[in-house]
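Structure record follows, encoded as structure tokens.
For reference, positions follow the sequence shown, starting with 1. All of these numbers come straight from a predicted model, not from anything done at the bench. Counting starts at 1 for both ligands and their atoms, in listed order.
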Amino acid sequence: MPPPPKNKQGQSGRRRHPYRTKKPANDANSTTPAQQPKLSNDNNDAVSQPEVIDVKGLYGNSASGGEARPFSSLGRTLDQSLLNGLNRMGFEYMSPVQQKVLTELPSLSSDCLVQAKTGTGKTAAFLLPAIQNLLNGNQPRRGKVGILAICPTRELALQIAKECEGITACMNKRIECHTAFGGTSRASALSKFLRGDPTVLVATPGRLDDILGEEEVRERFDELKTVVLDEADRMLDQGFAPAIYKILKHLPPKQMAGWQGMCFSATLPEKVNDVVKCVLFPGYTYLSTVDPNEAPTVDRVPQYSILVPTAKETFTALYALLEAEYNQSPSDFKVIVFGTTANGVGLLYDLFKAALPQFKLYELHSRMSQGYRTRTSNEFKEAASGILFASDVVGRGMDFPNVGLVIQVDLPSSQEQYIHRVGRTARAGRDGRAVTILFDNEAFFIKTNPSLPIKPYPTALNTTQYQGKLDAAFAQIDEEAKAKAYQAFLGYNKTYMKKLRLDAKGLVQIANEYAFAMGCPEPPMIERKVVGKMGLKGVPGLNIGTRK
Ligand SMILES: Nc1ncnc2c1ncn2[C@@H]1O[C@H](COP(=O)(O)OP(=O)(O)OP(=O)(O)O)[C@@H](O)[C@H]1O
């Protein structure tokens with residue numbers, strides 16, 4: 001891989017772990033994009049210009065419905081101020097899902113379950129009818145929430161709020177869009193909410209459930225007009241459903257208050273039908289732009305797999321893949337590498353920070369402070385190139401313009417999660433590529449998901465040549481980071497033991513191989529209580545003790 005230009009200071013930038021300090025580490029990663037080395041001589045101004053995306057390319061399959069119509073044709077449906085806002089954002093034509101929602105719903109206040117592929121404009125598809133519904137004489141009194149949108153992650157909440165601000169930017173009387181999510185000071189967020197006029201609130205379930213415990217917060221919802229579940233299948237799966245049910249109990253009962261329910265996602269597995277009824281009236285409208293005979297992922301994304309014998313070869317395969325893909329398109333090389341656990345992602349970031357010091361690398365996962373996550377997310381959105389190592393905190397919904405390649409290392413947690421991760425590339429009509437690296441035990445994922453158009457990676461990769469560089473890079477990583485990644489590897493794969501065709505002994509064996517690949521002289525110590533919680537008590541191969 002020819003080294004891209006060194007950064008201005010010629011430094012490679014060792015870093016302290018931001019999650020070990022409250023504020024972001026003072027390292028090459030936390031300065032503003034302008035000061036950062038660029039892989040290509042991109043012009044920052046060019047990057048900061050808003051993307052005018054050609055959504056016309058999204059039409060064509062039987063489910064997308066006809067051809068692209070301009071928003072200006074909706075003069076009788078949408079307020080001129082909203083049309084002006086859309087125009088200012090560069091949204092000239094409707095995407096298929098926007099067109100379907102805005103022209104096929106019985107009314108803009110109808111309940112709906114909407115499915116559309118990733119990156120095709122679902123955010124505006126739910127914001128526009130909900131906001132227009134308020135403008136049609138349903139505006140709540142000052143201080144009351146009119147629209148509540150619930151989504152799975154903090155970064156997605158910020159992204160939805162930003163799109164809402166764009167759409168409403170030209171309104172004579174601006175409406176305020178507030179956010180509520182964890183990782184920020186509860187007291188100051190709550191006082192801002194209570195002092196403000198949060199006509200629109202975008203929230204993650206945990207923080208919303210928490211603040212709804214306050215009577216003075218609940219009172220703000222007694223004029224609620226619309227509840228949106230973005231990434232609805234994720235919001236209604238066993239992880240979030242309990243919080244969603246608690247939230248609904250705090251809101252005015254739907255049967256009495258009559259608020260509109262809207263559920264949106266690129267994936268709507270069968271199970272979601274059991275739970276949407278808690279948010280949607282019977283007889284809700286179902287709209288889809290996904291042709292049931294088509295692959296669920298975005299059409300234009302060639303998807304490949306690289307199978308390696310054991311977990312330890314995933315590191316060299318990833319290095320070889322990054323090189324092969326960089327050499328294919330060195331300019332604007334913008335990549336997301338998904339790992340399965342926060343600690344595993346942190347380790348990959350540390351490893352390639354040491355192995356590829358000349359590249360601009362980013363990391364995003366749940367062990368980061370919220371300030372660092374928000375800043376990194378914004379920087380990567382603006383970046384013309386770079387490699388983001390991420391966990392599933394950005395696996396769904398997140399819109400990072402111009403990502404040309406998504407790499408998934410190790411087993412995706414489900415077909416839906418795989419689809420959403422691939423959906424971080426090829427957004428709104430652009431092209432993209434996806435490659436998944438799996439070791440032998442994980443190969444079942446491809447066989448058991450035949451609807452995914454995954455083919456073997458077309459180029460033979462000579463991975464052995466990278467072992468020396470990776471060994472040298474691993475030598476620079478502290479043992480604690482490796483131990484955390486090892487423990488997370490064990491914990492994650494323990495939940496898939498059956499599918500991996502592993503018994504407990506076999507699981508510990510592949511985890512130990514993973515540790516040796518990181519240059520650990522012996523399996524990292526793991527506390528007895530952790531072994532107990534994992535249900536691995538007495539399994540040979542574990543090094544039980546207390547790390548210093
Ligand atoms: N009508 C439009 N014209 C031009 N660009 C658009 C239009 N609608 C959306 N976009 C842009 O397309 C990108 C994807 O939009 P959005 O994030 O809403 O997609 P999505 O369907 O919600 O994706 P995901 O399934 O990943 O959540 C964003 O950059 C957005 O600004």
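Ring orientation note: the planes of Phe333 and Tyr326 are nearly perpendicular, at an angle over 60° on the 30°/60° scale. Ring geometry for Phe264 against Phe126 counts as perpendicular: the plane angle is over 60°, on a 0 to 90° scale with 30° as the lower cut. Below 30°, between 30° and 60°, or above 60°: for Phe91 and Phe71 the angle between ring planes is below 30°, a parallel geometry.
Of all atoms in ligand 1, listed by their number and element, those nearer than 4.0 Å to a heavy atom of Tyr93 are 1 (N), 2 (C), 3 (N). Applying the 4.0 Å criterion to heavy atoms of Thr120 picks out, from ligand 1, the atoms 19 (O), 20 (P), 21 (O). Of all atoms in ligand 1, numbered sequentially from 1 with element shown, those under 4.0 Å from a heavy atom of Phe71 are 1 (N). Each of the atoms 16 (P), 17 (O), 18 (O), 22 (O) of ligand 1 lies under 4.0 Å from some heavy atom of Thr123. Proximity to Arg427 (heavy-atom distance under 4.0 Å) selects the following atoms of ligand 1: 14 (C), 16 (P), 17 (O), 19 (O), 20 (P), 23 (O), 24 (P), 26 (O). Atoms of ligand 1 found under 4.0 Å from any heavy atom of Lys117, numbered from 1 in the order shown, are 21 (O).
The part of Val55 lying near ligand 1 is the side chain, judged by heavy-atom distances below 4.0 Å. Contacts of Asp399 with ligand 1, taken as heavy-atom pairs under 4.0 Å, involve the side chain alone. At a 4.0 Å heavy-atom cut-off, ligand 1 touches Gln98 through the side chain alone. Neither the backbone nor the side chain of Phe264 comes within contact range of ligand 1; no heavy atom lies under 4.0 Å.
Of the charged side-chain nitrogens involved, none lies within less than 4.0 Å of a carboxylate oxygen, so that Asp392 and Arg234 do not count as a salt-bridged pair. The residues Asp399 and Arg427 are annotated as salt-bridged, a charged nitrogen and a carboxylate oxygen being separated by less than 4.0 angstrom.
Residue contacts with ligand 1 include Gly119, since one or more of its heavy atoms lies under 4.0 Å from the ligand. Using 4.0 Å as the threshold, Glu231 has a heavy atom nearer than that to some atom of ligand 1. Arg424 counts as a contact of ligand 1, since one of its heavy atoms falls under 4.0 Å from the ligand.
Here the shortest heavy-atom distance to atom 19 (O) of ligand 1, taken over Gly395, Gly166, Gly121, belongs to Gly121.
The side-chain heavy atoms of His420 and Thr118, taken from C-beta on, include a pair separated by under 4.5 Å.
With sequence neighbours left out, the side chain to side chain donor-acceptor pair (under 3.5 Å) criterion links Asn84 to Gln80. For Glu223, the side chain to side chain contact (heavy atoms under 4.5 Å, CB included) test picks out Pro140, Arg141, Lys144, with sequence neighbours left out.
For the atom pair CG of Leu108 and CG of Asn133, the computed distance is 6.5 Å after rounding to the nearest 0.5 Å.
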